[in-house]
Enquirer: 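Encoded as structure tokens, here's the structure I'll be asking about.
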Amino acid sequence: MALLSVLVLGTTGYAWGALRNLNNGLSGSDVIGSGFNSPDGATDVLLIGNDSRTDADGNPLPKDVLESLRTTDDEGGDLTDTMILMRIPNGGQRASAVSFPRDTMVQLGNGYGEQKLNSAMGRAKSDARARLESEGVTDPKQLELQSKAEGQKFLIKTIEELSGASIDHYAEVNLLGFHDITTAVGGVDVCLLDDVDDSDYSGAVFNAGPQTVAGADALAFVRQRHGLPRGDLDRVVRQQVFMSGLAGKMLSSGTLSNPTKLSGLMEALKKSVVLDQGWDVVDFAQQMSGIAGGDIDFQTIPIELVGESGAEDVEANPREVKQFVDNLLLPPEERQAKEQAAKAAEEQRSGTSVSVFNASGKTGLASEVLSTLSQEGFSQGGSSNADSMPSSLVYHAAGDEAVAQQVADSLGGLPLKESSNLSAGSVEVYLGSDYAGPGTQNFAGGKQIRLDGGRQAAPRPAQQQPGGPDQPINAGGVPCVN
């Protein structure tokens with residue numbers, strides 16, 4: 001987080017010199033390759049907070065250090081509890097940071113199946129370590145560094161597949177680094193809506209109201225999830241407001257122009273931050289020096305809470321996530337208009353009843369297609385067989401052409417026809433023998449995503465719930481949160 005602030009938020013002449021020294025002192029990991037990935041209109045930086053109990057060079061943290069961090073060496077396991085994708089549009093003077101909740105269920109490669117997102121690095125690292133040991137690698141430090149690099153590559157690939165972004169740079173900070181970085185800048189201003197006592201888990205014990213946290217307290221602030229109304233989702237919000245507060249603190253307190261503070265910050269970064277190999281932080285800082293703290297929005301990918309309250313799964317539809325991440329490249333006003341249009345379309349879909357008739361002769365096709373449309377947000381009518389037809393058609397009532405077009409587009413682009421036999425809000429789909437769209441291969445899309453970040457846990461009023469996709473946190477203030 002501090003690294004991001006140094007690189008992106010502008011620097012003084014003294015800071016440029018410190019950055020040049022830092023460029024040669026940071027640990028590197030060969031996880032990206034040379035040059036930018038496929039051009040997608042932005043420089044994309046993946047920022048990771050790892051609960052690893054090793055330093056940036058793969059050395060285990062001493063017991064006394066772990067105790068000062070309020071943790072032990074039998075916890076954790078390379079779980080990436082903070083994952084933030086920073087998108088900086090090419091040539092732009094603004095940036096967007098989007099969080100990926102750690103408990104989001106995703107389909108992982110390598111045969112792992114559906115798992116929590118924060119386990120991706122650890123699973124790939126564990127497999128790589130076993131392979132390296134079978135190949136005769138015995139040095140503990142080499143085993144740690146080489147296997148971790150494989151885990152990092154797999155996490156990058158997983159985030160790319162989920163988001164549609166092509167990640168250009170990678171930065172990772174561990175527990176010790178977070179502790180030391182927040183201490184070096186003199187703490188970060190935060191504000192809580194209620195008193196907090198999570199002494200049995202994260203060690204977070206705070207009074208309500210504004211306060212400054214650093215070191216172990218700062219670590220506890222961003223790690224707490226027990227006792228919060230929305231669990232890890234509220235923890236994501238805490239991480240976002242802390243990150244924006246850190247950016248503001250560095251700008252307002254003159255950290256980058258204070259030799260003593262800057263020296264402490266650089267030493268903390270060297271001990272605990274891992275970058276992708278070949279990333280020239282000086283060039284990047286010069287490229288991004290025009291961005292100010294108020295030009296960074298912090299948001300969260302669209303997710304849905306599924307299951308019993310208090311034990312929900314966090315699910316994300318890759319299609320919706322890709323669209324959301326792509327929209328981050330738009331100017332804020334255009335992005336807001338596009339998201340509002342998408343919500344209006346979603347409401348229109350939910351108010352439209354769709355019935356499907358199988359005129360293709362393919363057994364079970366109508367129910368498959370109806371299921372697909374239901375998952376796209378349309379209300380289910382009925383499904384049945386019909387007399388054979390050579391061509392597919394979507395019938396709609398007068399005035400319903402727009403929503404019927406959404407149905408047709410969901411099925412691969414079927415032709416429309418108005419019908420006087422249908423009432424408003426009803427659409428009928430006839431699947432002819434030419435139909436080859438969703439459902440013909442037992443296709444099933446993801447569940448429709450709620451863009452408010454999940455509504456099952458009773459939320460506070462909207463103005464007190466920053467951090468959702470439609471309520472970005474901006475680096476220009478200190479909002480009170482759970």
Enquirer: Measure the shortest side-chain to side-chain distance between Gln323 and Lys338 over non-hydrogen atoms and say whether it is less than 4.5 angstrom.
Expert: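 The answer is yes; the side chains approach within 4.5 Å.
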Enquirer: Please determine, by modelled atom types, if Ser419 and Glu428 share a side-chain donor-acceptor pair under 3.5 angstrom.
Expert: no
Enquirer: Using salt bridge (Lys or Arg N to Asp or Glu O under 4.0 Å), reason through Glu144 and Lys125 one step at a time and then give a plain yes or no.
Expert: CA-CA 9 Å; Glu144 173 67 19; Lys125 177 186 174 183; 2.9 Å; yes
Enquirer: Taking the side chain as C-beta and beyond, is there a heavy-atom pair between Val314 and Leu305 under 4.5 Å?
Expert: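 Yes, side chains in contact.
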Enquirer: Kindly indicate whether the side chain of Thr82, heavy atoms from C-beta on, has any atom under 4.5 Å from the side chain of Leu47.
Expert: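 When only atoms from C-beta onward are counted, Leu47 and Thr82 do not touch, as no gap falls below 4.5 Å.
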Enquirer: Just by distance, no angles: are the side chains of Ser392 and Asp434 close enough, under 3.5 Å, to form a donor-acceptor pair?
Expert: yes
Enquirer: Please indicate whether Lys322 has more than 12 foreign heavy atoms, meaning atoms of other residues, nucleotides or ligands, lying under 6.0 Å from its NZ.
Expert: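 Yes.
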Enquirer: Have Gln380 and Ser374 got a donor and an acceptor in their side chains that come within less than 3.5 Å?
Expert: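 Per modelled atom types, Gln380 and Ser374 side chains form a pair under 3.5 Å.
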Enquirer: Taking atom CG of Leu431 and atom CG of Leu365, what is their separation to the nearest 0.5 Å?
Expert: 5.0 Å
Enquirer: Between Ser383 and Glu368, is there a side-chain donor-acceptor contact under 3.5 Å, judged purely by atom types and distance?
Expert: no
Enquirer: Is the shortest side-chain heavy-atom distance between Gln299 and Leu328 below 4.5 Å?
Expert: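 A side-chain contact under 4.5 Å exists here.
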Enquirer: Answer yes if the ring centres of Tyr112 and Phe154 are under 6.0 angstrom apart, and no otherwise.
Expert: yes
Enquirer: For the CG atom of Leu155 and the CD1 atom of Ile48, what is their distance to the nearest 0.5 Å?
Expert: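 So the CG of Leu155 and the CD1 of Ile48 are separated by 4.5 Å.
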Enquirer: For Glu160 and Lys157, run salt bridge (Lys or Arg N to Asp or Glu O under 4.0 Å): C-alpha distance rounded to whole Å, both residues' side-chain angles, the deciding distance at 0.1 Å, then the answer.
Expert: CA-CA 5 Å; Glu160 286 183 330; Lys157 179 182 177 183; over 6 Å; no
Enquirer: Could you go step by step and tell me if Arg87 and Asp44 meet the salt bridge (Lys or Arg N to Asp or Glu O under 4.0 Å) rule?
Expert: CA-CA 5 Å; Arg87 304 213 80 185; Asp44 296 309; 2.6 Å; yes
Enquirer: Decide yes or no for Thr104 and Lys116: does some side-chain heavy atom of the first lie under 4.5 Å from some side-chain heavy atom of the second?
Expert: no
Enquirer: For atom NZ of Lys417, decide whether the heavy atoms of other residues, nucleotides or ligands shown that lie under 6.0 angstrom number more than 12.
Expert: no
Enquirer: Quiz question: by atom type and distance under 3.5 Å, do the side chains of Arg238 and Gln224 form a donor-acceptor pair?
Expert: yes
Enquirer: Do Ser379 and Thr352 come within less than 4.5 Å of each other through their side chains, counting heavy atoms only?
Expert: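 No, every pair of side-chain atoms sits at 4.5 Å or beyond.
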Enquirer: Can you find a heavy atom in the side chain of Pro101 that is under 4.5 Å from one in the side chain of Leu117?
Expert: no
